Trainee: 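First the structure, then my questions, so here it is.
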Amino acid sequence: MKTTISQVGKYTDQEVTIGAWLANKRSSGKIAFLQLRDGTGFIQGVVVKAEVAEEVFTLAKNITQESSLYVKGIVRSDERAPSGYELTVTGIEVIHEAVDYPITPKEHGTEFLMDHRHLWLRSKRQHAVMKVRNELIRATYEFFNENGFTKVDPPILTGSSAEGTTNLFHTKYFDEDAYLSQSGQLYMEAAAMALGKVFSFGPTFRAEKSKTRRHLIEFWMIEPEMAFVDHEENLQVQEQYVSYMVQSVLKNCQLELSVLGRDTAKLEQVVGPFPRISYDDAIKFLQENGHEIEWGEDFGAPHETAIAESFDKPVFITNYPAEIKAFYMKPDPNRPEVVLCADMIAPEGYGEIIGGSQRIDDMELLEERFKEHNLSEETYKWYLDLRRYGSVPHSGFGLGLERTVAWVCGLEHVRETIPFPRLLNRLYP
Ligand SMILES: NC(=O)C[C@H]([NH3+])C(=O)NS(=O)(=O)OC[C@H]1O[C@@H](n2cnc3c(N)ncnc32)[C@H](O)[C@@H]1O
Ligand SMILES: [Mg+2]
């Protein structure tokens, strides 16, 4: 019976054949332990010299790391095994021998692993991270489909910028100038006027010369947008969504979280509602705790970490000064120097995972903002049309998938959260 490692449980005490790679092995004169992986999971194959043909035991002793194999064996349940099962090997066929596989079981430096990312991805730890990433994506679609949102795909090639013009990737669009999308938001606003509640999920690009553990050049963002929804309702959707994702990972990725050594008690705290602190109170808190920061300045990573340390779940920092936020954010009607926005800051020092706001829905005010930010009315004529024809209060947000993966998995750097990270000075592999 041909099966996969994740399905062996259906065949306890039966002989099965799996296609696999040899991840690692140890052996003595009488027995060999093969650590096998097939992409669906990991399992130990035990080869007992006295129980197999001589050529099978010889093969078991000599096969090299990452050689591809067909392995035949009897499925045994074993509560000591992480998967709950082991394979008593009865036959081995080598498909392709891997010679001198570079990532040996010893420690390797970051740059070496990054240069071999196309192989490093095979390791148990990276496998666990990719499965958690997948679960966050699966839960995202489940949450938004169950809550009446429609998936809409904004363009990657655009003629306008949503988040300022200092970190755009320029490209040619035939004989016109174009940019890789920094955010699908403006298009999602148009989609929300057509479909009410929408969400996107796709790559976004920022030519930021930031070499930090939170910044990628290409990262994936989920951008929901909702017509007839105000600032507070926007925050409620965000906390319901993030709680749903985290609880889904706790329910479906216990094996992966244990491979990563993640303290799941911290994730169990992640249920709504989340605390809110105003920008004003956050500035006061930081000043009272020895940070040199004045009202009107933006927060850096140390500030976000210091603020988040007072909470055991994500915290919203709300209503930042208009001066330090994007042109499209709606001013607080009672206090126009601040805008109706919020950043969601993850606990344990993981920083900002969401940026969101209520959008300006007034035509004249938006035209004023265009002048202040030197944005061409010609380029954004279509965006102004959303305020010309049936404008409504609307809000939305962008969740950075990789920063969320780093937080949920408890990873030190976003480089491990995406299959092929694009970082400053890294375009290979
Ligand atoms: N539809 C919206 O309202 C989204 C809005 N236009 C926007 O792009 N906001 S954001 O710039 O804060 O980016 C949103 C999130 O996107 C993530 N982000 C933002 N920049 C990065 C980089 N460079 N690397 C990794 N992740 C990044 C981070 O989690 C931010 O909170
Ligand atoms: Mg932001």
Side-chain angles (χ1 to χ4, degrees), residues 133 136 140 144 149 152-154 158 160-169 179-192 197-226 229 231 234-235 237-238 241-242 245 279 298-301 303-304 308 314-318 320 324-330 339-346 350-360 383 394-408 411 413-418 421-424 426:
R133 178 186 171 106
L136 289 167
T140 292
F144 287 110
F149 285 70
V152 169
D153 301 314
T158 69
S160 56
S161 86
E163 296 303 321
T165 53
T166 56
N167 61 20
L168 286 167
F169 270 109
Y179 315 106
L180 295 185
S181 171
Q182 298 164 307
S183 159
Q185 177 194 321
L186 307 190
Y187 298 96
M188 297 311 288
E189 291 183 59
K197 298 193 291 188
V198 294
F199 75 105
S200 69
F201 172 53
T204 46
F205 307 85
R206 307 225 175 151
E208 284 173 302
K209 293 197 184 273
S210 310
K211 219 170 157 61
T212 79
R213 63 194 185 93
R214 294 173 177 170
H215 282 84
L216 291 159
I217 306 299
E218 173 184 317
F219 63 96
W220 287 64
M221 197 158 35
I222 289 96
E223 297 193 79
E225 195 72 27
M226 301 157 280
V229 163
H231 173 53
N234 192 20
L235 302 190
V237 172
Q238 292 172 45
Y241 166 43
V242 169
M245 278 200 292
Y279 171 88
D298 205 352
F299 298 128
H303 301 129
E304 290 175 347
V315 54
F316 289 109
I317 305 177
T318 64
Y320 286 66
I324 58 175
K325 282 297 187 182
F327 74 88
Y328 53 71
M329 293 190 184
K330 184 180 181 66
V339 285
L340 300 175
C341 74
D343 280 5
M344 184 190 287
I345 312 297
Y350 283 95
E352 178 196 338
I353 57 172
I354 290 182
S357 65
Q358 185 168 347
R359 317 327 185 161
I360 291 174
Y383 185 63
H394 61 288
S395 304
F397 61 94
L399 172 127
L401 178 64
E402 286 77 22
R403 290 189 183 178
T404 307
V405 173
W407 163 48
V408 170
L411 302 176
H413 195 291
V414 283
R415 70 167 72 91
E416 288 189 79
T417 65
I418 187 167
R422 295 296 174 248
L423 299 164
L424 200 55
R426 171 135 330 247

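Just so you know, ligand 1 is whichever comes first in the structure, and atom 1 is the first atom listed for that ligand. Because the structure is predicted, anything quoted here is derived from the model rather than measured.
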Trainee: Where's the contact between E402 and ligand 1, heavy-atom distance under 4.0 Å: side chain, backbone, both or neither?
Mentor: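 For E402, there is no contact with ligand 1 at all, from either part.
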Trainee: Could you report the tightest heavy-atom contact between F144 and P224, atom names first, then the distance?
Mentor: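 Heavy atoms of F144 and P224 come nearest at CZ-CG, 3.5 Å.
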Trainee: List the closest protein heavy-atom neighbour of atom 19 (C) of ligand 1: residue, atom name, distance to the nearest 0.1 Å.
Mentor: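 Atom 19 (C) of ligand 1 sits closest to the protein heavy atom F219 CZ, 3.5 Å.
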Trainee: At what distance is the nearest protein heavy atom to atom 24 (N) of ligand 1, and which residue and atom is it?
Mentor: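 So the nearest neighbour among protein heavy atoms is L216 N, 3.0 Å.
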Trainee: Ring pair (Phe, Tyr, Trp, His ring centres under 6.0 Å) between F299 and Y279: does it pass, once the steps are laid out?
Mentor: CA-CA 9 Å; F299 298 128; Y279 171 88; 5.2 Å; yes
Trainee: Report yes or no: does a heavy atom of E352 sit under 4.0 Å from some atom of ligand 1?
Mentor: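 Judged by the 4.0 Å heavy-atom criterion, E352 does count as contacting ligand 1.
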Trainee: Do the rings of F199 and F149 sit parallel, tilted or perpendicular, given the 30° and 60° boundaries?
Mentor: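 Perpendicular.
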Trainee: Check for me whether R214 has a heavy atom closer than 4.0 Å to any atom of ligand 1.
Mentor: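 Yes, that is the case, since the closest heavy atom of the residue is under 4.0 Å from the ligand.
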Trainee: Specify side chain, backbone, both or neither for Y187, according to which of its non-hydrogen atoms lie closer than 4.0 Å to ligand 1.
Mentor: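 For Y187, no heavy atom sits under 4.0 Å from ligand 1.
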Trainee: Among all protein non-hydrogen atoms, which one is nearest to atom 29 (O) of ligand 1, and what is the separation to 0.1 Å?
Mentor: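 Minimum-distance protein heavy atom for atom 29 (O) of ligand 1 reads I353 O, 2.9 Å.
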Trainee: Of the backbone atoms (N, CA, C, O) and the side-chain heavy atoms from C-beta on, which set of A162 has a member under 4.0 Å from an atom of ligand 1: side chain, backbone, both, or neither?
Mentor: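 The answer is neither.
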Trainee: Give the residue, atom name and distance (to 0.1 Å) of the protein heavy atom nearest atom 10 (S) of ligand 1.
Mentor: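 Among all protein heavy atoms, the one nearest atom 10 (S) of ligand 1 is R206 NH1, 3.9 Å.
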Trainee: Do you know which of Q358, E189, R359, E163 makes side chain to side chain donor-acceptor pair (under 3.5 Å) with Y328?
Mentor: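 The single option meeting the side chain to side chain donor-acceptor pair (under 3.5 Å) with Y328 is E163.
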Trainee: Should you measure from each heavy atom of F397, which atoms of ligand 1 turn up under 4.0 Å away?
Mentor: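 Going through ligand 1 atom by atom, the ones under 4.0 Å from F397 are 1 (N), 2 (C), 3 (O).
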Trainee: Can you confirm, on distance only, whether ligand 1 has an N/O atom lying under 3.5 Å from any N/O atom belonging to E163?
Mentor: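 N/O-N/O distance below 3.5 Å exists for this pair.
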Trainee: May I ask you to identify, for R359, whether its side chain, its backbone, both or neither come under 4.0 Å of ligand 1 on a heavy-atom basis?
Mentor: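 It is the side chain that touches ligand 1; the backbone stays farther off.
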Trainee: Does the plane of the ring in W220 sit parallel, tilted or perpendicular to the ring in F201? Use 30° and 60° as the thresholds.
Mentor: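 Answer is tilted, since the angle falls between 30° and 60°.
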Trainee: Considering only N, O or S atoms, which atom of E352 is nearest to the Mg ion (ligand 2)?
Mentor: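 Result for E352 and the Mg ion (ligand 2): OE2.
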Trainee: Mind checking whether E225 has an N or O less than 3.5 Å away from an N or O of ligand 1?
Mentor: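 Among all N and O atoms of E225, none is under 3.5 Å from an N or O of ligand 1.
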Trainee: Can you tell me which residue and heavy atom of the protein come closest to atom 1 (N) of ligand 1, and the distance to 0.1 Å?
Mentor: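 So the nearest neighbour among protein heavy atoms is E223 OE1, 2.6 Å.
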Trainee: Taking side chain as C-beta onward, heavy atoms only, is F219 less than 4.5 Å from I418?
Mentor: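 Not touching, per the 4.5 Å side-chain cut-off.
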